[in-house]
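Start at 1 and go down the list; that is how both ligands and their atoms are numbered.
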Amino acid sequence: MTTFSELKLDPKVLKAIAEAGYTAPTPIQAQAIPYALEGRDILGIAQTGTGKTASFTLPLITRLGRGRARARMPRSLVLAPTRELAAQVAENFDTYAKHTRLTKALLIGGVAFGEQDKLIDRGVDVLIATPGRLLDHFERGKLLLTGVEVMVVDEADRMLDMGFIPDIERIFGLTPFTRQTFFYSATMAPEIERITNTFLSNPARIEIARQATASETITQELIQIQAARRDTAAKLKRETLRSLINNEGDKLENAIIFCNRKVDVDIVSKSLIRHKFDAAPIHGDLDQSVRTRTLERFRAGELRLLIASDVAARGLDVPSVSHVFNFDLPSHPEDYVHRIGRTGRAGRSGKAISIMVPSDQKYLDAIEALLQKTLPRAEAPEVQPAPTRVRHKDRSAKTEAAEETTAVARAPADDAAPQQQPVAATPAPRQETSRRGQPRNPAGRDHAPRERRSNRDGAIVGMGDHVPDFLMREFRSA
Ligand code: AMP
């Protein structure tokens, strides 16, 4: 077996990895690092969890050890598809480069430009970025990529999924063609193959076998449910999830709950919070500072349930997760392996529970084909329905489900029953006028918006007792 000391890495790097507790290189490190140190381009076909980040970071640091950074001209560039992955690469860099004087900047959305500009102005050895943010900086004239000696593209298949390939091609074009390129992807879609043929020069191709089998330490369960009515299916899923969580009791220390769509990440998390679970969402539309704080809390054991989308959770390194729930079965079978691989790490035991509805059959077939096994079926739990509310006869179940999820964000008065709602006492003498002050409704027909109509007592319905002054004012044409 190869040892790190055989790999001709900078002694400062060797010291840092020994301190990180790594005893031997992983297969991708053992195979890629010698080529990387020879200056070859690398095409790494490997997934998160294989140690691929160190496989490019360690030789990168060794190579950059010689030389100095110049203002606004980074010497190397690492592109990652999401902010979290970029931040994780930056963390790895800090660990492995801690005995060197190399500098880095992290360019990700959601962080103010000013601080990032200052770092770049001073000159950085390693620039770690998401493609969009990098191009934003470039277009503001703050950055020159002509000094890039090494360029890394991490998780290219995710970049493809997220529509970043044109940005990547553009960035390649802005760097010198003499650069060394490290390119990583979990799969080789035709579009990825095309990019590598165009931008890599005689790369060493290193393929780490796809992780088609889930870890032995993970117990898997499939729960099949079917709602009596289509419009209650989503609600039943949420109730099932709550029951599953409750049934796990104390065995559930913390869990990641995966949804296929961002909108459902929000809905499920709001619903769980409303039912007094300690939960928070993470997906690409949330502010970066919120995402970072949520992840830190989850890593620190201060948050029990993290509701996530695949993109946001991809590659996130949370060492100890007792449970994974698939609120939705993933549409790509590889995502199933990624998702459940969040638990059962480092020999610990873990449990992965998936909820399936009849329309998921094709996804289940693909997952079972990839795993080459049948997922163990478990009985659906007794659902503990949410307390029923008085339903107005024309309110649909859909509206109720939507309300269940938005209720947490609303003011308490909004939740009160309609008859308890205070109404404004005095009606505003009102004539609808146009912006120019002309009566909009010369024929005297009532075009007033529904929520501002007066009720029979003359009150303004829907405003509670907080009718703003301007609504009570009379408008006259000049
Ligand atoms: P990655 O695939 O780069 O996301 O790495 C997955 C995890 O493996 C990270 O937590 C790394 O810190 C860890 N790791 C990377 N290389 C090694 C190694 N040679 N020995 C032990 N752990 C490692």
Side-chain angles (χ1 to χ4, degrees), residues 1-10 12-34 36-37 42-62 78-98 104 106 126 128 130 152-159 182-187 206-212 214-215 217 256 295-296 298-300 308 310-321 334-335 337-348 350:
M1 199 172 65
T2 319
T3 60
F4 274 118
S5 50
E6 287 167 49
L7 287 179
K8 301 197 180 127
L9 290 163
D10 184 330
K12 290 176 187 152
V13 172
L14 289 176
K15 188 171 173 210
I17 47 189
E19 285 167 8
Y22 302 175
T23 48
T26 64
I28 192 160
Q29 293 161 5
Q31 291 176 56
I33 292 172
L37 292 174
I42 304 280
L43 171 57
I45 305 165
Q47 292 174 342
T48 293
T50 52
K52 67 179 168 62
T53 316
S55 81
F56 62 77
T57 317
L58 305 180
L60 179 68
I61 298 169
T62 301
V78 182
L79 295 174
T82 64
R83 301 163 183 186
E84 280 76 18
L85 280 167
Q88 216 162 277
V89 173
E91 251 173 53
N92 274 254
F93 173 82
D94 289 343
T95 307
Y96 308 137
K98 68 181 198 194
K104 66 136 210 293
L106 177 63
V126 182
I128 302 161
T130 48
V152 182
V153 178
D154 196 11
E155 307 241 349
D157 49 342
R158 273 294 134 156
M159 304 252 195
F182 301 154
F183 192 97
Y184 289 77
S185 185
T187 54
I206 293 150
E207 192 159 355
I208 299 300
R210 195 165 67 160
Q211 194 189 343
S215 160
T217 55
I256 305 182
L295 268 176
E296 275 168 8
F298 190 67
R299 279 208 185 101
D310 288 292
V311 170
R314 172 118 176 178
L316 294 182
D317 194 22
V318 182
S320 169
V321 177
E334 290 86 5
D335 283 337
V337 180
H338 284 147
R339 288 180 180 186
I340 72 166
R342 309 280 110 215
T343 183
R345 293 192 136 191
R348 291 192 192 91

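Residue-level proximity to ligand 1 for Gln29 is carried by the side chain, the only part with a heavy atom below 4.0 angstrom.
Distance CG/Leu43 to OH/Tyr184: 9.5 Å, rounded to 0.5 Å.
By heavy-atom distance, the residue among Tyr22, Tyr96, Phe4 lying nearest atom 21 (C) of ligand 1 is Tyr22.
Polar contact check, Pro25 against ligand 1: no nitrogen or oxygen pair lies under 3.5 Å apart. Of the N or O atoms in Gln88, none lie within a sub-3.5 Å distance of an N or O in ligand 1.
For Ala24, the closest heavy-atom approach to ligand 1 falls below 4.0 Å.
Set against the non-hydrogen atoms of Lys52, the atoms of ligand 1 under 4.0 Å away are 1 (P), 2 (O), 3 (O). Close approach of ligand 1 to Thr53 is summarised as follows: ligand atoms under 4.0 Å from at least one heavy atom of the residue are 1 (P), 3 (O), 4 (O).
For the side chain to side chain donor-acceptor pair (under 3.5 Å) test, no residue two or more places apart in sequence or in another chain qualifies with Asp10.
No side-chain donor-acceptor contact under 3.5 Å links Thr57 to the backbone of Phe93.
Of the options Asp94, Asp154, Val126, Leu106, a side-chain contact (heavy atoms from CB on, under 4.5 Å) to Val89 is made by Asp154 and by none of the others.
What you find for Met159 and Leu79 is that their closest heavy atoms are CE-O, 3.4 Å.
Salt bridge Asp335/Arg158: present, at least one basic N to carboxylate O contact under 4.0 Å.
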